[in-house]
Each structure stands twice: as C-alpha cells, then as structure tokens.
Amino acid sequence: QVRLVESGGGLVQAGGSLRLSCAASGNTFSTYSMGWFRQAPGKEREFVGGISWNGGRTSYAEFVKGRFTVSRDNAENKLYLQLDSLNSADTAVYYCAAVRTNIIVEDTTLYNYWGQGTQVTVAS
C-alpha cells in the first residue's frame, strides 16, 4: 500500500512558476515508477510527465514543450513537478500516481495508487 499526498499548488500569474511535491508513504517508493497527471474542469485526466523507478528516465506530454520537469528523491520518498512558463491552459488539478513497474506509463488505468490532487490556477 502506498499513500500519496500532493502539495505546492496555488494561484500564479501567467509566465510564473510553481513546484509541486508528492510525498509517498512506506518503504517501497523506489520500486514504483511515478507519473504526474492533470484534470481540468470538463476534461479527462491527462498524462503530464513521468519518471522511472530509479529516476533514470523521464517522459513528457507534447504540450509540456520543455516547460515542466519531473524529478524524484527516493531517499526522501518524494516526487516533484517543476512548472515553469505557466499559462491559463495549465489550470487544473494535478495528481501524482504510482505504478509498480520500472517503465514510464502514460495510461491512467494502469496506475495502482493516486493522490488526492492539488489545484493549480494560472491567472492571465
């Protein structure tokens, strides 16, 4: 069982930055690949970026276009998402999720555990 808790969301002006964190419980964090997803009102949840279990590989959605960075600290059981050059289209609830594999997974249905989400609002 893995419990995930996101933090770091908030209101930011267009062009600004935020850093989201995801704290994981337990001592098996390093055996999970992690993903960040987001869901805007009226839209489906979508993949933002992911990182392999050891942090060696990352993958991003096309719309990220180099603006976001996923990282992890296995010693601290933490996952991060650095959001830069934000725009109004990035407004959404952001979720972290864990999947018991060593590859990066974009399919939401394959993830085993989800956090409760943190709201990011970008004012234009």
Side-chain angles (χ1 to χ4, degrees):
Q1 187 83 13
V2 176
R3 182 168 179 260
L4 303 173
V5 179
E6 301 96 336
S7 61
L11 174 64
V12 63
Q13 294 294 315
S17 298
L18 281 174
R19 190 191 195 204
L20 307 183
S21 298
C22 173
S25 65
N27 57 3
T28 60
F29 179 67
S30 62
T31 65
Y32 289 83
S33 284
M34 301 296 295
W36 283 101
F37 295 79
R38 70 184 189 184
Q39 188 166 18
K43 295 187 176 182
E44 292 189 354
R45 192 169 299 189
E46 63 180 352
F47 175 78
V48 174
I51 189 166
S52 60
W53 62 276
N54 65 352
R57 286 171 284 117
T58 56
S59 177
Y60 298 93
E62 182 63 28
F63 64 77
V64 169
K65 296 180 181 177
R67 300 180 299 128
F68 300 170
T69 304
V70 180
S71 61
R72 68 189 296 164
D73 184 339
N74 284 349
E76 296 292 328
N77 280 13
K78 289 281 186 69
L79 173 73
Y80 302 100
L81 179 64
Q82 177 67 39
L83 306 168
D84 297 316
S85 301
L86 286 162
N87 58 62
S88 58
D90 297 316
T91 294
V93 178
Y94 284 71
Y95 299 89
C96 64
V99 56
R100 196 76 181 266
T101 181
N102 62 349
I103 63 172
I104 298 171
V105 178
E106 298 187 13
D107 187 341
T108 60
T109 65
L110 298 179
Y111 277 79
N112 305 109
Y113 302 101
W114 291 85
Q116 83 291 347
T118 185
Q119 176 72 47
V120 172
T121 303
V122 183
S124 56

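Worth knowing before you read on, the calculation uses all heavy atoms, side chains too, and leaves out hydrogens, waters and symmetry mates.
- Contact check for Thr91 versus Gln119: side-chain heavy atoms found under the 4.5 Å cut-off.
- Hydrophobic clustering, with ILVMFWY side chains joined whenever heavy atoms are under 4.5 angstrom apart, groups Leu110 together with Tyr95.
- Trp53 is not listed as a side-chain neighbour of Thr31, based on a closest heavy-atom distance of 4.5 Å or more.
- What you find for Arg38 and Ala89 is that their closest heavy atoms are NH2-O, 3.8 Å.
- Looking at Asn102 and Ser52, their side chains never bring a donor and an acceptor atom within 3.5 Å of each other.
- Ser59 and Glu106 get closest at one heavy-atom pair: OG-OE2, 3.7 Å.
- The local environment of CZ in Arg100 is crowded, with over 12 non-hydrogen atoms from other residues, nucleotides or ligands closer than 6.0 Å.
- Remark: side-chain polar atoms of Arg67 are paired, donor with acceptor, to backbone N or O of Ser85 under 3.5 angstrom.
- No donor-acceptor distance shorter than 3.5 angstrom exists from the side chain of Ser33 to the backbone of Val99, with no hydrogens or angles considered.
- Other residues sharing the hydrophobic cluster of Phe29, ordered by chain and number and joined by side-chain separations under 4.5 Å: Val2, Leu4, Val12, Leu18, Leu20, Tyr32, Met34, Trp36, Val48, Ile51, Tyr60, Phe63, Val64, Phe68, Val70, Leu79, Leu81, Leu83, Leu86, Tyr94, Tyr113, Val120, Val122.
- Residue-environment remark: CG (Asp107) exceeds the threshold of 12 foreign heavy atoms within 6.0 Å.
- Looking at Gln116, its side chain never comes within 3.5 Å of a backbone N or O of Val5 through a donor-acceptor pair.
- Using cut-offs of 30° and 60° for the angle between ring planes, the Phe37 and Trp114 rings count as tilted.
- Judged purely by atom type and a 3.5 angstrom limit, Glu6 uses its side chain to pair as donor or acceptor with the backbone of Gly117.
- Rounded to the nearest 0.5 Å, atoms SG (Cys22) and CG (Asn77) are 10.0 Å apart.
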